[in-house]
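First the proteins, then the strands, lettered A, B, ... as listed; each starts at 1. These values consider heavy atoms only, across backbone and side chains, with no hydrogens, waters or symmetry-generated copies.
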There are 2 protein chains.
Amino acid sequence: MRTSDKGFNALGDPTRRAIFEKIRNRPLAVVEITKGLGVSRPAVSQHLKILREARLITVHQQGTKNFCQVDQQGIQAMKNYLDNFWDTALTAYKLVAEKKKR
Amino acid sequence: MRTSDKGFNALGDPTRRAIFEKIRNRPLAVVEITKGLGVSRPAVSQHLKILREARLITVHQQGTKNFCQVDQQGIQAMKNYLDNFWDTALTAYKLVAEKKKR
DNA sequence: TAATATGGTAAGTTTGCACTTACGGTAAGT
DNA sequence: ACTTACCGTAAGTGCAAACTTACCATATTA
């Protein structure tokens, strides 16, 4: 399974997107992430595991707190995946436009 | 709901990713897309609707066939979303590295 | 050492969603 | 006009996954 696949699967869930966006600016502990999310802390832990396996976040322990921050690896994998569709989509579009003219 | 949200939701499903990749190089009719996918044609139709609403594909009729091709709009929306995490993730990482030194 | 705070995991429940079959609708061919 | 091919939608089903509660482990503080 590709990293990008895990990435799209991870960000396919709205709660995980909310978590991802919450740690966008600065690393946050799990308790802080949970606040205002509307789900229990164990649920957050399970989501974090999926985000971690998709290389979208990294976790580093500091005392009893586990700080989560954005990981570039997963993001880059997803960007590369989307980039591969970029050129081909353009050429395909041009082909159709050509066809219509005739 | 943002276009990028719909995009991640759409590509979060493996069958929809398979469809998306199948029309990567050239537009395909629904029947052709269905071949070798392992799901029924109605299932494909339902997936196509979701991909269309996420601006990831466009559909144009030609006789009785409905040709599907990649749409740049949805892709661009997702790329923009990921780009917004790019810089901030870097600065956040630097902040943590600074903190560790002290 | 006792108490508190943080958080991961196990087990069970529920709900959303990906799938199916059945049907109708349109366009092209004979 | 009849048949065939292509396709979307409606309705119902089954399962994966997102949630819950309960429990345990670890690290800090008093």
Side-chain angles (χ1 to χ4, degrees), chain A residues 1 5-23 26-71 74 96 99-100, chain B residues 1 5-23 26-71 96 99-100 102:
Chain A
M1 200 182 189
D5 285 345
K6 292 184 183 176
F8 287 117
N9 174 65
L11 291 189
D13 181 75
T15 303
R16 283 194 287 268
R17 278 199 302 274
I19 292 175
F20 194 55
E21 293 168 14
K22 219 166 183 185
I23 62 173
R26 65 186 186 289
L28 289 179
V30 180
V31 196
E32 306 176 71
I33 293 175
T34 304
K35 288 179 185 170
L37 252 195
V39 296
S40 66
R41 188 193 47 70
V44 173
S45 277
Q46 292 160 12
H47 284 308
L48 291 175
K49 187 179 183 181
I50 294 175
L51 286 168
R52 189 152 32 85
E53 288 172 349
R55 309 286 180 204
L56 284 169
I57 65 168
T58 58
V59 183
H60 56 100
Q61 194 172 347
Q62 196 167 336
T64 66
K65 294 191 175 181
N66 283 13
F67 282 92
C68 306
Q69 68 174 337
V70 172
D71 186 358
V96 173
K99 219 172 186 175
K100 270 191 175 176
Chain B
M1 199 182 191
D5 285 345
K6 293 184 182 176
F8 288 117
N9 174 65
L11 291 189
D13 179 75
T15 303
R16 282 194 288 268
R17 277 199 302 275
I19 292 175
F20 194 54
E21 293 168 14
K22 219 167 183 184
I23 62 172
R26 66 185 184 290
L28 288 180
V30 179
V31 195
E32 305 176 72
I33 294 175
T34 303
K35 288 179 185 170
L37 253 193
V39 296
S40 67
R41 188 195 46 73
V44 173
S45 276
Q46 291 160 13
H47 284 308
L48 290 175
K49 186 179 182 181
I50 295 176
L51 287 167
R52 189 153 32 87
E53 288 171 350
R55 307 290 179 201
L56 284 169
I57 67 170
T58 58
V59 183
H60 57 100
Q61 194 172 349
Q62 196 168 338
T64 67
K65 294 191 175 180
N66 282 14
F67 283 91
C68 306
Q69 67 174 337
V70 172
D71 187 357
V96 172
K99 217 172 188 176
K100 269 193 176 175
R102 292 175 217 161

What is the distance from [atom1] of [X] to [atom2] of [N], rounded to the nearest Å?
| X | N | atom1 | atom2 | value |
| --- | --- | --- | --- | --- |
| B:Lys49 | C:dA18 | NZ | P | 13 Å |
| B:His47 | D:dC7 | NE2 | P | 16 Å |
| A:Arg41 | D:dT21 | CZ | P | 12 Å |
| A:Ile33 | C:dG7 | CD1 | P | 8 Å |
| B:Gln46 | D:dT13 | CD | C1' | 13 Å |
| A:Asp13 | D:dA16 | CG | P | 17 Å |
| B:His60 | D:dG8 | NE2 | C1' | 17 Å |
| A:Ile19 | D:dC19 | CD1 | C1' | 13 Å |

Among [options], find the nucleotide with the atom closest to the side chain of [X].
| X | options | result |
| --- | --- | --- |
| A:Ala43 | D:dT20, C:dC19, C:dT6 | D:dT20 |
| A:Val31 | C:dT20, C:dG7, D:dC6 | C:dG7 |
| A:Pro42 | D:dC7, C:dG7, D:dA22 | D:dA22 |
| B:Ser45 | D:dC7, C:dG7, D:dG8 | D:dG8 |
| A:Leu48 | C:dC19, C:dA18, C:dG8 | C:dG8 |

Under 3.5 Å, is there a donor-acceptor pair between the side chain of [X] and the main chain of [Y]?
| X | Y | value |
| --- | --- | --- |
| A:Lys65 | A:Val31 | no |
| A:Glu21 | A:Ile23 | no |
| A:Lys6 | A:Gly74 | no |

Contacts under 3.5 Å, N or O only, protein and nucleotides 25-30 of chain C:
none

[N] OP1/OP2 closer than 4.0 Å to side-chain N/O of [X]:
| X | N | value |
| --- | --- | --- |
| B:Arg16 | C:dA18 | yes |
| B:Thr15 | C:dA18 | no |
| A:Ser40 | D:dT21 | no |
| A:Asn66 | C:dG8 | yes |

(message) Pairing check on D:dC7: which nucleotide meets the Watson-Crick or G-U wobble criteria with it, both distances under 3.5 Å?
(response)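 Check on D:dC7: paired to C:dG24, both distances under 3.5 Å.
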
Identify the two heavy atoms, one from [X] and one from [Y], that lie closest to each other, and give their separation to 0.1 Å.
| X | Y | value |
| --- | --- | --- |
| B:Leu28 | B:Lys22 | CD1-O, 3.5 Å |
| B:Phe20 | B:Leu11 | CD2-CD2, 3.9 Å |
| B:Thr34 | B:Ser40 | CG2-C, 4.2 Å |
| B:Ala18 | B:Leu37 | CB-CD2, 3.8 Å |

(request) Would you please name every residue forming a salt bridge (Lys or Arg N to Asp or Glu O under 4.0 Å) with B:Arg17, sequence neighbours left out? (result)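 Testing B:Arg17 for salt bridge (Lys or Arg N to Asp or Glu O under 4.0 Å), a comparison that skips the adjacent residues, returns A:Asp5.
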
